[in-house]
Amino acid sequence: EGSLRVRLDGPESDDVVEIPRGECVGEISVADGRPASAWVTTAEPCRLLVVDGPVFLQRLLAIPHIGRNLIALLAERMRRSNERVVARVRSAVQLQALQRELDFARRIQSSMLPAPPLPAQARELDFHGFMRAARQVGGDFYDWLPLGPRRFLFAIGDVCDKGMPAALFMVRALTLLRSAAAGGGDAGGECLARWMAHLNDQLAESNEAQLFVSVFCAIVDLDAGVLHHVNAGHNAPLLVSRVGEVARVDRPRGPVAGIMPGLAFQVGTVAFPPGTGLLLYTDGVTEAEASDLSQFGEGRMRAALASPTADAAEGVQRIADAVDAFAGGHPQSDDITLLLVRRR
């Protein structure tokens with residue numbers, strides 16, 4: 001009475017064969033004398049008839065219709081097992097194909113992010129970016145673009161989802177932002193508000209998945225010695241003075257982009273004299289977890305940032321190393337992205 005479950009890979013395996021009332025288990029081990037190759041557990045309260053080896057082999061198998069029924073039962077079980085093997089192989093092949101596609105997508109996504117060599121006209125600026133996806137592909141991005149001989153755009157973004165949907169939305173957001181910036185802008189920073197409004201309206205169009213992205217964009221104007229910025233729901237960047245003082249750039253702050261059209265964004269301006277640095281980051285940095293589920297936090301990030309450093313690349317790497325040391329091998333749950341800009 002009742003039913004059993006045969007677990008093939010181990011006592012806790014999810015790969016289960018159901019044994020209903022009237023069937024038997026253990027007969028192969030009795031016949032060949034080898035150790036059992038599966039784990040049998042009860043699916044519900046059961047009553048079992050236990051037949052030892054000598055009785056099974058010498059008395060039961062001598063009865064013709066019992067032997068025939070046993071062979072039929074084993075044949076049916078083998079067919080079911082073969083079907084499971086075929087399904088496993090098919091799933092493994094599909095998984096390998098998907099893995100290859102994701103690896104290719106990861107390489108494409110990585111190639112979209114800017115990388116050295118730096119533009120020759122950026123000699124007064126030292127900047128470096130870092131992005132590590134929690135999965136093969138992610139929804140974070142960073143970017144930099146020259147807007148003229150002495151003006152540069154820096155941006156960072158974080159799509160609300162992860163994996164392939166976030167990666168596709170990220171590509172769309174990055175493309176729209178670059179397209180808007182390629183059209184040029186005024187000498188100040190008011191163009192940032194128009195670019196962000198355009199980005200928001202385009203992302204909100206045909207957005208059935210209801211994805212959105214937080215974005216921070218800044219224009220460094222070397223001649224004026226200022227930083228124009230607009231924030232669409234993103235983490236407040238950190239501004240580092242030449243003497244190591246760290247302050248948050250938390251005003252003004254607008255809504256995230258992509259939820260609904262017609263949103264307006266305000267532009268802020270702060271001084272950016274020689275020796276100043278700007279750290280842009282996503283919440284995957286501050287919310288990185290250790291095994292006890294504590295988070296890295298902004299304080300640890302500030303401590304890693306405030307230490308003296310030779311260049312932006314070293315500063316970014318130091319923060320990434322601090323995150324990894326804090327996590328101690330705990331799985332990464334979110335994309336980690338950093339962009340550090342220093343004025344020499």
Side-chain angles (χ1 to χ4, degrees), residues 106 109-110 112-115 126-144 154-163 166-167 169-170 173-174 177 212-218 227 229-241 244-250 253 256-257 276-309 311-342:
R106 176 182 55 80
Q109 185 180 44
S110 297
M112 293 189 66
L113 300 176
D126 176 25
F127 44 91
H128 187 79
F130 171 89
M131 197 277 279
R132 184 172 66 206
R135 302 177 184 175
Q136 285 89 343
V137 291
D140 284 8
F141 67 87
Y142 63 86
D143 202 10
W144 57 67
F154 296 93
I156 193 169
D158 183 0
V159 177
C160 64
D161 204 355
K162 300 181 184 66
F169 201 76
M170 163 263 178
L174 185 59
L177 181 61
F212 58 86
V213 59
S214 66
V215 184
F216 184 92
C217 291
L227 180 82
H229 57 89
V230 62
N231 191 335
H234 198 75
N235 305 87
L238 300 182
L239 197 66
V240 188
S241 72
E245 296 177 346
V246 182
R248 302 180 82 208
V249 185
D250 51 9
R253 183 181 175 90
V256 294
T276 307
L278 177 73
L279 177 67
L280 311 180
Y281 62 96
T282 60
D283 56 13
V285 178
T286 53
E287 295 178 5
E289 293 182 344
S291 57
D292 61 358
L293 302 185
S294 60
Q295 294 187 342
F296 184 69
E298 185 178 311
R300 291 184 178 88
M301 184 176 66
R302 285 182 177 229
L305 175 66
S307 302
T309 181
D311 53 34
E314 183 181 340
V316 166
Q317 190 59 53
R318 189 173 55 250
I319 297 173
D321 291 343
V323 171
D324 292 341
F326 172 81
H330 188 70
Q332 180 181 330
S333 61
D334 199 0
D335 305 334
I336 292 177
T337 305
L338 296 155
L339 175 57
L340 180 58
V341 184
R342 293 187 183 274

Look at the side chain of Asp126 and the backbone N and O of Ala312, then say whether any donor-acceptor pair between them is shorter than 3.5 Å.
yes
Over all heavy atoms of both residues, which pair between [X] and [Y] is shortest? Give the atoms and the distance, please.
X	Y	answer
Ala236	Arg253	N-NH1, 4.3 Å
Gln295	Arg300	O-NH1, 3.1 Å
Glu298	Tyr281	OE1-OH, 3.8 Å
His234	Ser214	ND1-OG, 2.8 Å
Ser333	Ala134	C-CB, 3.9 Å
Ser291	His330	CA-ND1, 3.6 Å

Measure the [atom1]-[atom2] distance between [X] and [Y] for me, rounded to the nearest 0.5 Å.
X	Y	atom1	atom2	answer
Leu238	Leu278	CG	CG	8.0 Å
Ile156	Leu279	CD1	CG	8.0 Å
Leu340	Gln317	CG	CD	12.0 Å
Asp335	Asp140	CG	CG	4.5 Å
Ile336	Phe296	CD1	CZ	9.0 Å
Thr282	Glu287	OG1	CD	9.0 Å

Hits for salt bridge (charged side-chain N to carboxylate O under 4.0 Å, His left out) against Asp324, two or more places apart or cross-chain, chain-then-number order -> Arg132
CA sep, side-chain torsions, deciding dist, call: Asp158, Thr337, side chain to side chain contact (heavy atoms under 4.5 Å, CB included): CA-CA 9 Å; Asp158 183 0; Thr337 305; over 6 Å; no
Indicate yes or no: at least one non-hydrogen side-chain atom of Phe326 is less than 4.5 angstrom from one of Ser294.
yes
Could you check if a side-chain atom of Leu339 sits within less than 4.5 angstrom of a side-chain atom of Phe154, using non-hydrogen atoms only?
yes
Quiz item: Step by step, would you call Arg248 with Arg302 a side chain to side chain contact (heavy atoms under 4.5 Å, CB included)?
Solution: CA-CA 10 Å; Arg248 302 180 82 208; Arg302 285 182 177 229; 3.1 Å; yes
Begin from the C-alpha positions of Val213 and Met170 and carry the test side chain to side chain contact (heavy atoms under 4.5 Å, CB included) through to its verdict.
-> CA-CA 8 Å; Val213 59; Met170 163 263 178; over 6 Å; no
Those residues at least two apart in sequence (or on a different chain) that pass side chain to side chain contact (heavy atoms under 4.5 Å, CB included) with Leu177 are Phe141, Ala155, Cys217
* Start with the C-alpha distance between Thr286 and Met301, add both sets of side-chain angles, then the distance that settles side chain to side chain contact (heavy atoms under 4.5 Å, CB included), and finish with yes or no. => CA-CA 7 Å; Thr286 53; Met301 184 176 66; 3.9 Å; yes
